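Below you'll find the structure, written out as structure tokens, and then a few comments.
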Amino acid sequence: MNLEVSIGGLKMKNPVMTASGTFGYGEEYEEFLDLNLLGAIVVKGLSLQPKEGNPPPRVVETAAGMLNAIGLQNIGIERFVSEKIPFLRTLNTPVIVNFFGDSVDEYSEAASRLDGVEGIHALEMNISCPNKQAGWAAFGTDPKVTCEVVSAVRKRTTLPLIVKLSPNVTDIALMARVAEDSGADALSLINTLTGMAIDIRTRSPKLANIRGGLSGPAIKPVAVRMVYDVFKAVKVPLVGMGGIMNADDAVEFIMAGASAVAVGTANFINPSVAGEIALGIAAFMEREGIGDIRLLKGAAHAV
Amino acid sequence: MNLEVSIGGLKMKNPVMTASGTFGYGEEYEEFLDLNLLGAIVVKGLSLQPKEGNPPPRVVETAAGMLNAIGLQNIGIERFVSEKIPFLRTLNTPVIVNFFGDSVDEYSEAASRLDGVEGIHALEMNISCPNKQAGWAAFGTDPKVTCEVVSAVRKRTTLPLIVKLSPNVTDIALMARVAEDSGADALSLINTLTGMAIDIRTRSPKLANIRGGLSGPAIKPVAVRMVYDVFKAVKVPLVGMGGIMNADDAVEFIMAGASAVAVGTANFINPSVAGEIALGIAAFMEREGIGDIRLLKGAAHAV
Amino acid sequence: MSRAFRAEIRENLPLNRNHKLLTLAPLDPMSEPQPGQFYMVEVHEGFDPLLKRAFSLFRRTPQGMQLMYRLQGRGTAILGNMRPGSVINMLGPLGRGYPLPAAGETPIIIAGGIGIASVFSLIETVPARAHVIYGARTRDDLFMLNELKEISKGLSVCTDDGTDGQQANVLQMLDQVLGAHPQELADAVVYACGPRPMLRALSVMTKAKDIKAYLSLEEHMACGIGACLGCVVRAKDTGTAAEDKDRQGTYQRVCKEGPVFDADGIVWE
Amino acid sequence: MSRAFRAEIRENLPLNRNHKLLTLAPLDPMSEPQPGQFYMVEVHEGFDPLLKRAFSLFRRTPQGMQLMYRLQGRGTAILGNMRPGSVINMLGPLGRGYPLPAAGETPIIIAGGIGIASVFSLIETVPARAHVIYGARTRDDLFMLNELKEISKGLSVCTDDGTDGQQANVLQMLDQVLGAHPQELADAVVYACGPRPMLRALSVMTKAKDIKAYLSLEEHMACGIGACLGCVVRAKDTGTAAEDKDRQGTYQRVCKEGPVFDADGIVWE
Ligand SMILES: Cc1cc2nc3c(=O)[nH]c(=O)nc-3n(C[C@H](O)[C@H](O)[C@H](O)COP(=O)(O)OP(=O)(O)OC[C@H]3O[C@@H](n4cnc5c(N)ncnc54)[C@H](O)[C@@H]3O)c2cc1C
Ligand SMILES: Cc1cc2nc3c(=O)[nH]c(=O)nc-3n(C[C@H](O)[C@H](O)[C@H](O)COP(=O)(O)OP(=O)(O)OC[C@H]3O[C@@H](n4cnc5c(N)ncnc54)[C@H](O)[C@@H]3O)c2cc1C
Ligand SMILES: Cc1cc2nc3c(=O)[nH]c(=O)nc-3n(C[C@H](O)[C@H](O)[C@H](O)COP(=O)(O)O)c2cc1C
Ligand SMILES: Cc1cc2nc3c(=O)[nH]c(=O)nc-3n(C[C@H](O)[C@H](O)[C@H](O)COP(=O)(O)O)c2cc1C
Ligand code: FES
Ligand code: FES
């Protein structure tokens, strides 16, 4: 049975990755699962300089989901390379570094700093974060800006470049095409939906940051739809995510058109789940008599 | 205690309305609640001609939500006026007619046909439906098209005109301003988020229509955020909806900036709920010692 | 009287590995149900699962009512774990049940699998009059055989694997029954509930033989009370026959115009 | 050994109208917990509520462990309805507990309300050594008074309404205890868990009096294991003191660097 997939040049032993920001730097989960079971580990989003993030409260539970406003807290690329990479290099699972910046220059510099670091196998570029130069609108919501930032990053790295799309747009297929045309080797989707919650006793937003990103099972239908639409629109492989809780959900994304999937919020509910999903997909294929995972990709488009 | 609100000229005894498409033509719920408890009844979306809608399956349950692809099935304006209005006129609750068309002309004609019918107190214009003339992209996702269709309808009706916004856009505040500038007396939001679900056993979409609209508690954080953002952007009153299950949720929308709220999917789970919410809001105000509902409007913006 | 009511679970009895029988005592006034009608049952604590589930009235008991259900997915799993004393929200009785046979008619009542849940109370309503045909995958999935024998005129059982009754399907059984009682053929009325392919084949067969047939259909439901238009099937409703150009039928709501439809009017898509 | 394990509910005992005591028997190997550590407990059947809930280790029992909890919202309501025999998924023990007092030190252990759940096992760990101050709204919200008397050196109780102990708050009680035992003042170490305003006031008071204090904090959590960065408070961590410009502190994770923090390092925002 073949579970191997290739995402923009990165070979993975199976299609199961972790979603950035939900798996720390990998080591936090070591005691809960065999990290070598995973197709790839995607670490918390990094920036050139360490970032402190938003004040608490940062997380709020919602119906079948959660809002987070972590504010991209991270230890910065330098500390990541010196403190976290050594552990990650002991694994035989590829490491994908998620990164961001608050200007095109910062993105480019981060990419070039990460390029060529041993133990980093691919980059995932988070374009859902605010653009300092453009009044803090997200890079990933304006096609022109997306084109500019992705093209700039593309010039600075030879690593497989996955662009992670924001779902908070009118036309996700258009944004996908723009990212592809600008040099993305693969696309991942979806990032969180922007949401908020209000505490009616205090009459104020529950998150200190007011707005946050909605994730978890609640958003799965939106995510599956976007993967389905983007699959029709581009040629590059897709990494599907958004509310994946078990192997069935992962298979659903693959049938929608994803070559690989990422497990996010589910890691919080069950820290062993990513490994269970990798095994569960194999069990599903066994049951259904499918020899190669690639036969499932986009299967829902056949009708 | 004052619960009265006014939505674009329409006076309501309390802020609780029903969401279009979830309350039939009103009569379906007569046995489950006192319809006179409601601030207003919004009926299933109507078009000039009857519409058959999509083939089944039309509904799919998702985590804390549901997808629907009813396809705007309705009996048409003529039959509505002759068969449904007589019952609705026996109530002392205002009736808001939700309507749509597949071209600017159809919208205009529908509006003018509804204008002046006794027993219709306001119109809610659904612009989330596909535009035949523009390759079936929704009217509510392109500012130019939104401006054109709302302006055209505005000329054909003297009734209070509520424009119902689609959440499937990059910038909801922009769309809200466009609708306001084009003549809307009020805005309602949100309509459903586009989503889909795949049956992994049959490997095909669960809805015959492939995509459907996501509603229910799952989408509440997105809806509250959009009401909050639109409240800052426009002057006209807002009708908030999306996942309201109880009086607390309704109060949350009011604090985000809604003048009134609409109860949708919750009617399916508990057909008496809309009345319970009207009473529940009053009980909340009583408990918190608030004499006028308008004091709660936008309270979460104070911070 | 509103059809929304609360009921207390009295018993939640396992029938086999994946079927249970739920006995409920209504805590609010409840309307009298007709055979073939159904209920919407709440199965959540939080908002997931969200929607109520549809279950036929299995039978009326002195204390209340019974539902018979198959463990299918998440909702029925939760229901299966509920214990006596729990209180659940329900709606019903909903929809249109089976039109009862006229005095001279011979009811032939057919159940495939859990379809027995829908027709059992109909059989009770015409005691010792109905030819009952009951098919299931295997012996273990056949329930209430003794009761059925008592209340029917004749009971024909079949299983896919031959572990009980004949190794046959309900269509073959119907052929046999009709063959064995040719004199009744003219006045036969078929009633059936079961998997869609079975119902579809039955509608073809009864049409060919010109036998009146009423079939109970299933569709995914949100409201159960006719408001959401989620549960439609294409069929001809006598009420709206005028609009029925080209015998295409119109979308009828399973929860309101159904779940029981005249087989002749159903447009299988 | 992974800190993910399943546990079977042995008892779910009501203590008063809104507090319960849960006794659990682990079904998988479980690490030995330290006082002040906590567990994440699953409270759903479907996906709503979604996240696990945090509860302190109340005490270790021969059969397993106990959690004491207050019925707060949806999750604890569901937990409150769970019956013996149910199996739940848990993570733990998590976080850093209370640093134990050195030989010469006098522990003063303070609980406000349900904060008793966090400090009870600490009191057990230093039998007959701790001055315990226990405050609650009202008499009915005070639990385990007999046990506390037995295992502490002295127990001072206060309630907001004066229905038991003194009508005072725990700060006033701390003042009294310190006044009554001046010789111990120098070697006192305060441990406390309770509502945030109480902890904040305690940190001001202990700082003013130059008394070492460890406080157990709460923040909303998603993962409980340090991965999501959701549960931060601003504090100074000895480990990262270098980055600690201007004594501003950095964001520390309650679930990993905490829940117990040195009062001196917490930056109250
Ligand atoms: C009028 C009517 C009467 C019924 N009577 C009975 C009965 O007496 N006994 C019995 O065991 N079953 C009966 N069913 C089927 C029963 O409703 C489904 O088995 C049940 O909804 C499955 O829920 P679940 O959460 O376990 O499954 P899931 O597959 O997890 O359900 C997911 C969603 O699909 C819907 N769904 C799944 N299967 C069906 C189905 N066959 N029909 C309609 N909706 C479905 C559920 O309601 C839910 O919204 C009836 C269905 C209808 C429409
Ligand atoms: C380290 C730690 C130890 C704790 N120990 C105990 C204990 O031993 N006994 C006890 O009764 N309570 C304890 N709590 C508080 C307990 O976690 C909350 O009361 C519980 O999460 C409420 O859940 P709910 O669903 O009933 O409330 P809801 O208000 O419905 O919960 C909604 C969301 O907010 C979170 N939340 C609500 N209150 C708190 C809170 N005070 N702290 C953190 N998250 C919260 C919930 O986890 C959930 O994600 C502890 C909290 C922490 C952080
Ligand atoms: C707590 C948290 C932190 C996240 N941080 C990041 C991040 O740093 N970079 C990023 O691209 N996405 C981040 N995400 C988004 C996830 O990677 C993922 O796209 C999203 O949560 C949807 O998947 P899920 O529903 O499975 O969680 C974060 C999500 C959560 C819940
Ligand atoms: C079954 C169904 C049918 C709907 N039909 C319409 C419609 O005809 N016109 C419209 O403007 N909105 C329609 N909606 C959208 C609702 O009015 C509402 O905007 C949306 O469901 C969000 O609210 P909720 O989460 O409370 O259901 C429909 C929603 C559902 C679930
Ligand atoms: S289930 Fe809503 S109309 Fe039938
Ligand atoms: S709860 Fe996730 S880091 Fe603490």
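Both backbone and side-chain heavy atoms feed into the values below; hydrogens, waters and symmetry mates do not. Note that the structure is a prediction, hence the values are computed from the model and not measured. Lettering follows sequence order; numbering is per chain, from 1.
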- Message: Do B:R203 and A:E288 make a side-chain contact, defined as non-hydrogen atoms from C-beta onward lying under 4.5 Å apart?
- Response: yes
- Do any N or O atoms from the side chain of A:R225 and from the backbone of B:T194 form a donor-acceptor pair under 3.5 angstrom? yes
- Item | Shortest non-hydrogen contact from B:A64 toward A:A64 | CB-CB, 3.6 Å
- Do you know which of A:D229, A:L67, A:T202 has the most heavy-atom pairs with chain B at a distance under 4.5 angstrom? A:D229
- Message: Using 0.5 Å steps for rounding, measure from the CG atom of B:D249 to the CD1 atom of A:I198.
- Response: 11.0 Å
- Task: Can you see which heavy atom on A:P217 is nearest to which on B:A63, and at what distance?
- Result: CB-CB, 3.5 Å
- Query: Which of residues 166-175 of chain A have a heavy atom under 4.5 Å from any heavy atom of chain B?
  - Reply: A:N168, A:V169, A:T170
- If you check every heavy atom in residues 250-266 of chain B against those of chain A, which residues fall under 4.5 Å? B:V251, B:E252, B:M255, B:A256
- chain A: which of B:T141, B:V60, B:D142 shares the most heavy-atom pairs with it under 4.5 Å? B:T141
- Message: Please classify the contact between B:I200 and chain A as side chain, backbone, both or neither, with a heavy-atom cut-off of under 4.5 Å.
- Response: both
- Task: For a side-chain contact (heavy atoms from CB on, under 4.5 Å) with B:V222, tell me which candidate from A:L193, A:T62, A:I219 qualifies.
- Result: A:L193
